Amino acid sequence: MKRHTALLPLSREHHHALVLSRQLRQAEDAEQRAAAQDRLTSQWRELIVPHFADEERWILPLLTGEEAGRLQSEHDAMRELAASIVTSTNTPLAQDLHRLGSLLHDHIRWEERELFEAMQDRDDRSALDELLEPLMMIEEQRGPACKT
């Protein structure tokens, strides 16, 4: 998929979040679940929280009511579930990790396949052009890729 330059930093971060979502969905035994919880804790703070904030600051104002509602409600659902997993002193249940991994996976796929495509197809691309500088700063601030 050809991406508008302004959306590239978010798309690159999506790749790293998809890797995390796969680990969450595949964690079955206690050792895998503990490792997934550790990775989630790190990635959540370093990648997902700032990524959500960037999308809510820069992308949300450009969306239709339905798109905006979906983006915000999915972010909120993932925040709630991740908070319970990250703050837990116990090894998380496989079903909770799987649910979060699935929510994250499905959300990213929707953004990449539908939302970003719709944003790029709209007649007025000037809104994306205006986001070029602030969104390119994401990579300057966090680096071109999240630590894996």
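These numbers come from a predicted model, not from an experiment.
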- line: By salt bridge (charged side-chain N to carboxylate O under 4.0 Å, His left out), Asp54 pairs with (sequence neighbours left out) Arg142
task: Over all heavy atoms of both residues, which pair between Pro50 and Glu46 is shortest? Give the atoms and the distance, please.
output: CG-O, 3.5 Å
- request: Examine Leu103 and Ile108 and state if one hydrophobic cluster contains both, with Ile, Leu, Val, Met, Phe, Trp and Tyr joined whenever side-chain heavy atoms are less than 4.5 Å apart.
  value: yes
- prompt: Taking C-beta and beyond as the side chain, do Ile59 and Leu7 meet within less than 4.5 Å on heavy atoms?
  reply: yes
query: Taking all non-hydrogen atoms of both residues, which atom of Gln32 and which atom of Gln26 are closest, and how far apart?
result: OE1-O, 3.7 Å
Ring pair (Phe, Tyr, Trp, His ring centres under 6.0 Å) involving Phe52 - partner list, sequence neighbours excluded: Trp44, His75
Glu111: partners by salt bridge (charged side-chain N to carboxylate O under 4.0 Å, His left out), with sequence neighbours left out: none
- prompt: Measuring from His16:NE2 to Leu20:CG, what's the distance to the nearest 0.5 Å?
  reply: 11.5 Å
query: Out of curiosity, does Val49 fall in the hydrophobic cluster containing Val86 (side-chain heavy atoms, cut-off under 4.5 Å, transitive links)?
result: yes
field: Test log, rule side chain to side chain contact (heavy atoms under 4.5 Å, CB included), inputs Leu40 and Ile48
entry: CA-CA 9 Å; Leu40 173 63; Ile48 308 296; 5.8 Å; no
task: Evaluate the side-chain proximity of Ile138 to Arg12: yes if any heavy-atom separation is below 4.5 Å, no if none is.
output: no
message: Which heavy atom of Leu71 sits nearest to which heavy atom of Leu60, and what is that distance?
response: CD2-CD1, 3.7 Å
field: Any side-chain heavy-atom pair of His15 and Val19 under 4.5 Å
entry: yes
- prompt: Got a sec, which hydrophobics cluster with Met136, joining ILVMFWY side chains under 4.5 Å apart, including via others?
  reply: Leu132
query: Is there side-chain contact between Leu97 and Gln23, with at least one heavy-atom pair below 4.5 Å?
result: no
query: For Trp58, what residues pass the ring pair (Phe, Tyr, Trp, His ring centres under 6.0 Å) criterion, not counting sequence neighbours?
result: none
message: If hydrophobic clusters are built by linking Ile, Leu, Val, Met, Phe, Trp and Tyr wherever their side-chain heavy atoms come under 4.5 Å apart, do Leu18 and Ile85 end up in the same one?
response: yes
task: List in chain and number order the residues that pass side chain to side chain contact (heavy atoms under 4.5 Å, CB included) with Ala94, two or more places apart in sequence or in another chain; answer none if no residue qualifies.
output: Glu28, Arg33
- prompt: Could you go step by step and tell me if Asp96 and Leu100 meet the side chain to side chain contact (heavy atoms under 4.5 Å, CB included) rule?
  reply: CA-CA 6 Å; Asp96 291 339; Leu100 180 58; over 6 Å; no
- prompt: In Å, rounded to the nearest 0.5 Å, how long is the span from CD of Gln37 to OG1 of Thr87?
  reply: 9.0 Å
message: What I want to find out is whether Arg3 reaches Glu117 closely enough, with some N-O distance under 4.0 Å, to be called a salt bridge.
response: yes
field: Spacing of CZ belonging to Arg22 relative to CG belonging to Leu104, to within rounding of 0.5 Å
entry: 12.0 Å
- request: Flag yes if Leu81 and Met78 sit in one hydrophobic cluster, no otherwise; membership is Ile, Leu, Val, Met, Phe, Trp, Tyr, and two members link when side-chain heavy atoms are under 4.5 Å apart.
  value: yes
task: Please step through salt bridge (Lys or Arg N to Asp or Glu O under 4.0 Å) for the pair Asp106 and Arg109, ending with a clear verdict.
output: CA-CA 5 Å; Asp106 294 347; Arg109 291 300 186 210; over 6 Å; no
